[in-house]
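Each remark here refers to the structure printed beneath this line.
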Amino acid sequence: MVRAEQVCKDFGSMRVLNGVSLEVKRGEVLCVIGPSGSGKSTFLRCINHLESVNAGRLYVDGELIGYRESNGKLYELSEKQAAKQRRDIGMVFQHFNLFGHRTALENIVEAPIRVKGVDRSTAVARAKDLLGQVGLADKADSYPAQLSGGQQQRVAIARALAMDPKLMLFDEPTSALDPELVGDVLQVMRNLASEGMTMVVVTHEMGFAREVADHLVFMDGGRIVEEGIPSEVLSAPREDRTKAFLSRIL
């Protein structure tokens with residue numbers, strides 16, 4: 001579902017991603033861990049072309065993301081073309097990014113109606129079903145300010161799912177939450193994984209990574225330092241840098 005080939009990303013003179021290559025199979029959950037500034041979130045944003053890459057290629061479901069290739073050269077897609085690709089890629093951010101002036105239900109139906117042309121009654125029925133799935137059936141008419149952080153994040157997940165994506169990206173979805181609110185969000189993500197949703201999750205939740213991920217990647221300095229089965233990487237890391245990182249957080 002996702003294939004990265006030697007992906008590099010620079011911000012000015014700083015190389016943030018330095019030759020990242022990996023694959024995520026359909027239905028697989030990949031968790032990406034690492035210290036702040038290691039390139040995890042930037043890599044996630046490159047997958048749906050919220051950030052352009054400086055070298056390498058990214059494919060989602062076999063389609064080159066953000067560019068078209070002609071005679072061996074890459075040409076960046078227009079914003080309209082890139083947005084069309086993003087329809088199939090759901091993304092959940094650290095800070096929810098809900099529309100504050102719209103109810104939970106309105107937040108969820110906005111994109112299907114405006115982007116996909118779904119009729120309102122169908123979109124509303126789907127949104128209510130999704131709110132039920134994330135445990136918020138009684139919050140359809142609540143505004144973001146009336147919801148806890150965990151509830152807002154679950155609305156954000158429902159909003160992403162409303163577009164029926166083939167891939168879900170999660171950028172540290174629990175890091176802005178109070179500890180007691182984390183569990184509800186992680187449970188929604190566990191349910192998605194059990195239903196076969198392909199997911200790439202940047203996270204600090206090692207218990208979730210150990211339990212749910214099929215594959216774990218540790219990044220540092222814009223590179224993949226170590227990867228493998230989560231239980232093996234977390235319990236018996238091979239690389240000294242991985243050992244040092246995990247010794248501080250486990």
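For this chain, numbers begin at 1 and follow the sequence in order. Basis for what follows: all heavy atoms, side chains included, without hydrogens, waters or symmetry-related copies. From a predicted model like this one, the values you see are computed outputs, not experimental measurements.
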Exactly one of L234, T242, V201 should register a side chain to side chain contact (heavy atoms under 4.5 Å, CB included) with I33. Which one does?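 Checked L234, T242, V201 against I33; only one passes side chain to side chain contact (heavy atoms under 4.5 Å, CB included): L234.
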Considering only heavy atoms from C-beta outward, does the side chain of [X] approach that of [Y] to under 4.5 Å?
X	Y	value
V92	M189	no
L136	V155	yes
L58	C46	yes
L30	M199	no
F99	E110	yes

Under 4.0 Å between a Lys/Arg side-chain N and an Asp/Glu carboxylate O for [X] and [Y]?
X	Y	result
E69	R57	yes
R87	D164	no
E79	R86	yes
E211	R190	yes

Step through the shown structure and confirm whether more than 12 heavy atoms of other residues, nucleotides or ligands are within 6.0 Å of CZ on R223.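 No, because the 6.0 Å sphere around CZ of R223 holds 12 heavy atoms or fewer from other groups.
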NZ of K84: more than 12 outside heavy atoms within 6.0 angstrom?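 Counting neighbours around NZ of K84, 12 or fewer heavy atoms of other residues, nucleotides or ligands fall under 6.0 Å, so no.
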Reported OG1-to-CG distance for the pair T203 and L216, which is rounded to 0.5 angstrom: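 One gets 10.0 Å once the value is rounded to the nearest 0.5 Å.
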Please determine whether residues Y59 and V7 belong to a single hydrophobic cluster, defined as Ile, Leu, Val, Met, Phe, Trp and Tyr linked transitively by side-chain heavy-atom distances below 4.5 Å.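 Per the 4.5 Å side-chain linkage, Y59 and V7 are co-clustered.
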Answer yes if F93 and L98 sit in the same cluster of Ile, Leu, Val, Met, Phe, Trp and Tyr residues linked by side chain heavy atoms under 4.5 Å apart, and no otherwise.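 Cluster IDs for F93 and L98 differ.
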Holding to side chain to side chain donor-acceptor pair (under 3.5 Å), I want the full list of residues that pass it with Q85, two or more places apart in sequence or in another chain.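 Q85: side chain to side chain donor-acceptor pair (under 3.5 Å) contacts with E63.
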Least distance between heavy atoms, S41 atom then E172 atom: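 Shortest heavy-atom separation between S41 and E172 comes out as OG-OE2, 4.2 Å.
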If you compare all heavy atoms of M1 against all heavy atoms of K166, which two are closest, and at what distance to 0.1 Å?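 Smallest interatomic distance, heavy atoms only, reads CE-O, 3.6 Å.
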Name the atoms and distances for all side-chain donor-acceptor pairs under 3.5 Å in residues 48-56, with sequence neighbours left out.
{"residue": "N48", "atom": "OD1", "partner": "L50", "partner atom": "N", "Å": "3.4"}
{"residue": "H49", "atom": "NE2", "partner": "E76", "partner atom": "OE2", "Å": "2.8"}
{"residue": "N54", "atom": "OD1", "partner": "D10", "partner atom": "N", "Å": "2.6"}

Please check if any side-chain donor atom of N191 sits under 3.5 Å from a side-chain acceptor atom of S194, or the reverse.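 Short answer, no.
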Residues E5 and S21: side-chain donor-acceptor under 3.5 angstrom: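 There is no such pair between these side chains.
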Would you check, one step at a time, whether the test side chain to side chain donor-acceptor pair (under 3.5 Å) holds for H215 with E227? CA-CA 7 Å; H215 199 75; E227 61 180 306; 2.8 Å; yes
Ring centroid separation F245 to F218 under 6.0 Å: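 Yes.
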